[in-house]
Amino acid sequence: MAYRTILVGLDDSDGMAERASFALALAGRWQARLIGLLANPVPFMPTSLGEGAAYAGPEIMKAQEQANAARTARIRTAFEALPVPDGVSRHFIAEEGAPGESVSAHARTTDLTIVGQSHGEGLEAVAMEHAEQIVVGAGGPVLVLPRGLAVSQDFGRRWLVAWDGGKEAARALAFALPFLQEAESVVLVAAGEEYHASAEAAAARLAAHGVKVLVEKLAEPEGSVGELLLTVAETKRCTALVMGAYGHSRFRELIMGGATITIVRDARIPVLFSA
């Protein structure tokens with residue numbers, strides 16, 4: 001089992017080149033097809049112009065189109081300058097649209113999507129950010145890389161699997177198999193007595209695929225499950241995490257401090273999500 005088509009989101013962020021290089025190297029592991037997707041802003045007419053739009057409108061639209069063309073050329077050049085491993089076919093796509101929506105749409109026809117981490121705070125946290133929107137809309141596995149940290153190709157040596165018996169966790173477990181089968185160690189953690197029995201069954205499923213897994217049965221925490229998972233990952237020296245996303249509604253998680261929002265924004269290791 002392997003990922004044969006990989007999608008990586010491209011943008012203007014400082015970590016874009018590192019993210020694309022990581023995606024290319026990962027594609028090399030499985031001789032995969034890699035697609036780099038850039039979503040440019042849709043040109044729009046400012047409503048504040050009023051009647052002046054008839055005069056200034058064409059120039060404003062043209063300026064936005066030129067800015068998009070320049071951005072596309074700059075990012076395409078940077079993407080295509082990166083070395084390509086043997087056996088990998090690289091493709092670049094640029095289109096106009098909201099990044100979260102564009103990447104989500106293309107993710108539905110790929111095996112794995114790679115994006116950068118969200119970082120919303122305060123009022124900005126109310127709006128679903130790109131990484132979160134992609135996790136929800138992709139229909140498949142999304143690997144979220146931590147911002148500001150270089151991720152090596154041996155990032156998946158030691159995996160932590162978050163298990164709560166839900167369908168989201170089950171999907172994430174299935175999508176993660178190509179990584180888990182290559183791991184040195186896998187720890188499956190179930191936080192809550194009601195999940196302990198199904199955790200053993202999930203471990204047996206992994207074992208049937210040749211995955212060596214240790215089950216950690218923990219009591220349900222009084223505080224944040226997300227914080228607990230991050231603490232366990234650090235204690236066990238895990239280099240990556242896999243979990244199902246949004247077992248509750250996103251609004252409930254935002255208000256109550258759910259695990260998905262905590263981890264998608266705060267994890268310092270790569271996280272493979274599936275919703």
Side-chain angles (χ1 to χ4, degrees), residues 2-46 58-120 128-153 155 264 270-273:
Y3 302 113
R4 295 300 186 189
T5 305
I6 299 174
L7 175 70
V8 60
L10 305 178
D11 52 38
D12 286 311
S13 67
D14 293 338
M16 190 279 288
E18 289 77 9
R19 187 188 319 133
S21 294
F22 173 87
L24 280 162
L26 199 59
R29 184 188 302 185
W30 290 298
Q31 305 289 282
R33 178 172 180 256
L34 179 71
I35 302 168
L37 175 64
L38 171 65
N40 284 313
V42 178
F44 69 98
M45 186 74 65
E59 293 184 6
I60 292 174
M61 295 294 288
K62 184 177 180 180
Q64 292 178 76
E65 291 168 357
Q66 290 174 339
N68 279 350
R71 182 174 186 253
T72 297
R74 182 175 67 256
I75 293 177
R76 179 170 192 160
T77 298
F79 179 62
E80 294 184 345
L82 298 172
V84 180
D86 293 338
V88 173
S89 62
R90 173 175 55 191
H91 305 270
F92 176 82
I93 298 175
E95 62 185 29
E96 293 178 349
E101 294 176 2
S102 293
V103 176
S104 294
H106 286 271
R108 295 167 198 147
T109 56
T110 61
D111 297 325
L112 175 68
T113 301
I114 300 172
V115 298
Q117 194 174 42
S118 296
H119 56 276
M128 186 175 287
E129 294 198 42
H130 302 161
E132 297 168 50
Q133 187 175 6
I134 294 162
V135 165
V136 172
V142 178
L143 185 63
V144 179
L145 304 184
R147 61 185 178 276
L149 294 176
V151 180
S152 65
Q153 281 303 302
F155 78 98
V264 79
V271 183
L272 186 74
F273 287 101

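Glu95 CD to Leu37 CG: the interatomic distance, rounded to the nearest 0.5 Å, is 5.0 Å. Rounding to the nearest 0.5 Å places CD of Gln66 at 12.5 Å from CE of Met61. For the atom pair CD1 (Ile114) and CD1 (Ile134), the distance works out to 12.0 Å, reported to the nearest 0.5 Å. Atom CD1 of Ile6 and atom OG1 of Thr113 lie 9.5 Å apart (nearest 0.5 Å). Taken to the nearest 0.5 Å, the CG atom of Leu82 stands 14.0 Å off from the CZ atom of Phe22. In this structure, CG in Leu143 is found 5.0 Å from CZ in Phe155, a value given to the nearest 0.5 Å.
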Are Asn40 and Arg71 close enough, and set up right, to give a side-chain contact (heavy atoms from CB on, under 4.5 Å), and what steps lead you there?
CA-CA 8 Å; Asn40 284 313; Arg71 182 174 186 253; 2.7 Å; yes
Under the criterion side-chain contact (heavy atoms from CB on, under 4.5 Å), I'd like the reasoning laid out for Arg90 against Arg33: C-alpha separation, chi angles, the key distance, then a yes or no.
CA-CA 6 Å; Arg90 173 175 55 191; Arg33 178 172 180 256; over 6 Å; no
Verify side-chain contact (heavy atoms from CB on, under 4.5 Å) between Phe92 and Leu10, making sure each step is shown before the conclusion.
CA-CA 9 Å; Phe92 176 82; Leu10 305 178; 3.7 Å; yes
Given the rule in the side-chain contact (heavy atoms from CB on, under 4.5 Å) test, do Phe273 and Val115 qualify, once you have shown the distances and angles that lead to the verdict?
CA-CA 11 Å; Phe273 287 101; Val115 298; over 6 Å; no
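Considering all non-hydrogen atoms of both residues, Gln31 and Asp86 come closest at NE2-O, 3.1 Å. Taking every heavy atom of both residues into account, Glu132 and Val264 meet most closely at CG-CG1, 3.6 Å. Across Ala107 and Ala138, no two heavy atoms sit closer than the pair CB-CB, 3.7 Å.
Judged by distance alone, the side chain of Asp111 and the main-chain N or O of Thr5 form a donor-acceptor pair under 3.5 Å. No donor-acceptor pair under 3.5 Å is formed between the side chain of Ser102 and the backbone N or O of Pro99. Side chain of Arg29 to backbone of Gln153: a donor-acceptor contact under 3.5 angstrom is found.
Side chains of Ser13 and Arg19: a donor on one and an acceptor on the other come within 3.5 Å.
Looking at heavy atoms from C-beta onward, Leu112 lies in side-chain contact with Leu26 at the 4.5 angstrom threshold. Side chains of Val271 and Gln117 form no contact here, defined as non-hydrogen atoms less than 4.5 Å apart. Gln64 has its side chain out of reach of Pro41: every pair of non-hydrogen atoms, C-beta onward, lies at least 4.5 Å apart. Looking at heavy atoms from C-beta onward, Leu24 lies in side-chain contact with Pro85 at the 4.5 angstrom threshold. When side chains are defined from C-beta on, Ile75 counts as touching Met16, because their heavy atoms get closer than 4.5 Å. Side chains of Val103 and His130 form no contact here, defined as non-hydrogen atoms less than 4.5 Å apart.
Around atom CG of Asp14, no more than 12 heavy atoms belonging to other residues, nucleotides or ligands sit under 6.0 Å away.
A perpendicular orientation is assigned to the rings of Tyr3 and Trp30, their planes being inclined by more than 60° (bins at 30° and 60°).
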